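Notes follow once the structure below has been shown.
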Protein chains: 2
Amino acid sequence: MTTAGTDERRTDTRNLIRAVALELFAEQGYEKTSLREIAERLGVTKAAVYYHYRTKEEILSSLLDEHLAGMDAIVEWAEAQPAGRERRQGVIERYSTLLAGMSDDGPQLIRFMQENQTSIKELAAGAEIRSRFERLSVVLVDPGASAADQLRSRLALIALHFGAFALDMLPGAPDERRDAALEVALELGGR
Amino acid sequence: MTTAGTDERRTDTRNLIRAVALELFAEQGYEKTSLREIAERLGVTKAAVYYHYRTKEEILSSLLDEHLAGMDAIVEWAEAQPAGRERRQGVIERYSTLLAGMSDDGPQLIRFMQENQTSIKELAAGAEIRSRFERLSVVLVDPGASAADQLRSRLALIALHFGAFALDMLPGAPDERRDAALEVALELGGR
DNA sequence: GTCTATACTGCGATAGAC
DNA sequence: GTCTATCGCAGTATAGAC
């Protein structure tokens, strides 16, 4: 649960910062994007940004937090199921649905996570996200699975990510790509 | 072929810089790694590093160049073959062999490329690498292939990368992982 | 509560001494 | 071949205007 919601503020600078930051982070990466660049796009100073978010990392955390909650729900469901094919299929289908239901900037966020793993890795919020992926991966691998099967499971999640953000690389409308990605992911991890 | 080789220099600082830089780039990312950090590990100053490489980007370029030549050979071979299953299999097998035959730091370089795509994207050497991947992907997709098949082809290359660098994530000895990755890649792109 | 002005440290990079 | 000195810009931080 975030501090936003029914929160009534006099300006929407806080949300504008999030939107601009996500766009720039996805385009040019986290480290390469400066607070001055974000501030200039909004016509304010660096310090104004610093008022709403105490650090640059906190901006990114607030973006990642949205996705965290969705992943938590899937991990919790999965860990209450018995291991096996049905659980693997359920995880893949639920994760596909989560990606499909994200906000308009969802694809940008997923692309950012996929392409900036090293930047994210050392951040607190990044560690949270990574632990969810780790648990999703564990739940997608039955005990004693081969190296090939473990690889297939991890690729299944990556396939879903590609379907969510690879607008230019793959043909078809967004939901066609999503269906294709789900098909490939199930074939990798749902057998 | 690089400018090194028979090049006899009074110190091996140049090669030491490459080794330390790759290690730090792979661990903490390109942007987060400072020239001062590299210099301090070697007991010299920042400016001494600047004597050997005119920019930070040039250090990274010199690392990526090794892999570029290997990819060029595969792309050239592929573009001289008729499209079809055999060509796809040949590309996957050759790329697997290329990854297996890289130097000791090969895994670090592949991991770096896989996890720092955004950092690399805007660099000159990064654009070169990306164009090779683009051509490899084209050659792995027969005309009129579905979105699912295009996705499978891209995942095949990613599978090989995982097998090359995912030391902690997957079980088994290095060549077992490589064989498992090749198996999955062929099943994705070689049907 | 929202923002500007200002300053501090460390970054990549350059010029020039030795 | 390596150094010192310096530059402009980065993220961070505080004081205070409104």
Side-chain angles (χ1 to χ4, degrees), chain A residues 2-25 27-64 116 118-126, chain B residues 3-4 7-22 24-25 27-64 116 118-126:
Chain A
T2 65
T3 52
T6 56
D7 200 9
E8 282 295 343
R9 281 194 163 79
R10 289 212 280 275
T11 70
D12 56 348
T13 306
R14 198 181 172 85
N15 289 327
L16 290 174
I17 290 172
R18 285 166 51 91
V20 170
L22 176 56
E23 191 179 334
L24 293 176
F25 288 167
E27 266 174 32
Q28 36 183 310
Y30 174 71
E31 332 260 359
K32 250 190 149 179
T33 301
S34 71
L35 293 184
R36 189 179 57 77
E37 199 175 359
I38 297 172
E40 269 177 8
R41 281 223 189 178
L42 298 175
V44 297
T45 64
K46 235 174 23 163
V49 174
Y50 208 78
Y51 165 73
H52 291 285
Y53 295 95
R54 281 180 312 187
T55 63
K56 184 181 175 186
E57 177 173 345
E58 205 178 281
I59 303 176
L60 180 54
S61 292
S62 85
L63 292 168
L64 293 176
N116 293 267
T118 304
S119 298
I120 289 178
K121 183 167 45 183
E122 313 222 325
L123 275 39
Chain B
T3 51
D7 202 9
E8 281 295 340
R9 281 195 161 79
R10 289 210 281 276
T11 70
D12 56 348
T13 306
R14 198 181 172 86
N15 289 326
L16 289 174
I17 291 171
R18 285 166 52 91
V20 170
L22 175 56
L24 294 175
F25 288 168
E27 266 173 32
Q28 38 185 307
Y30 173 71
E31 332 261 359
K32 250 189 149 181
T33 301
S34 71
L35 294 184
R36 188 179 58 75
E37 201 175 357
I38 297 172
E40 269 177 8
R41 281 223 191 179
L42 298 175
V44 297
T45 65
K46 234 175 22 165
V49 174
Y50 265 99
Y51 167 75
H52 293 284
Y53 295 95
R54 281 180 312 187
T55 64
K56 184 182 176 185
E57 178 174 345
E58 205 179 283
I59 303 176
L60 179 55
S61 293
S62 85
L63 292 168
L64 294 176
N116 293 267
T118 304
S119 297
I120 289 179
K121 183 167 47 186
E122 313 223 322
L123 275 39

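Computed from heavy atoms alone, side chains included, the values below leave out hydrogens, waters and symmetry copies. All figures in this text were calculated on a predicted structure; none of them were measured in a lab. Letters go in sequence order (proteins before strands), and every chain restarts at 1.
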*Could you tell me whether the phosphate oxygens of C/dT2, OP1 or OP2, come under 4.0 Å of any side-chain nitrogen or oxygen in A/Thr13?*
no
*Taking only residues two or more places apart in sequence, or in another chain, which ones meet A/Lys56 in a side chain to side chain donor-acceptor pair (under 3.5 Å)?*
none
*With A/Thr33, which residues qualify under side-chain contact (heavy atoms from CB on, under 4.5 Å), at least two apart?*
A/Leu24, A/Phe25, A/Gln28, A/Glu37, A/Ile38
*Sequence neighbours left out, what passes side-chain contact (heavy atoms from CB on, under 4.5 Å) with A/Leu22? Give chain and number order.*
A/Leu63, A/Asp105, A/Gln108, A/Leu109
*Between A/Thr45 and C/dT4, is there a side-chain N or O to OP1/OP2 distance below 4.0 Å?*
yes
_In whole Å, I'd like the distance from the CG atom of A/Leu60 to the C1' atom of D/dG11._
15 Å
*asked:* Within the 4.5 Å heavy-atom criterion, are B/Leu35 and B/Ile59 side-chain neighbours or not?
replied: yes
*For B/Tyr53 and D/dT2, give me the distance from atom OH to atom C1', rounded to whole Å.*
16 Å
*Would you mind building the protein contact string for nucleotides 12-18 of chain C? One character per nucleotide, 5' to 3', B for base within reach (heavy atoms under 4.0 Å), S for sugar-phosphate only, - for untouched.*
BBB----
*Test side-chain contact (heavy atoms from CB on, under 4.5 Å) applied to B/Glu58 - qualifying residues, sequence neighbours left out*: B/Tyr53, B/Arg54, B/Thr55
*Over how many whole Å does the gap from A/Leu42 atom CG to C/dC3 atom C1' extend?*
13 Å
*Would you please confirm or rule out a distance under 4.0 Å between OP1 or OP2 of C/dG1 and any side-chain N or O of A/His52?*
no
*Can you check the A/Glu58 CD to D/dG11 P distance for me, whole Å?*
15 Å
*Are OP1 or OP2 of D/dT2 and a side-chain N or O of B/Tyr51 less than 4.0 angstrom apart?*
no
*Over how many whole Å does the gap from A/Glu37 atom CD to D/dA10 atom P extend?*
8 Å
For residues 42-50 of chain B, run the donor-acceptor check on the side chains, cut-off 3.5 Å, and write out each pair with its distance to 0.1 Å, sequence neighbours left out.
residue	atom	partner	partner atom	Å
B/Thr45	OG1	B/Ala48	N	3.4

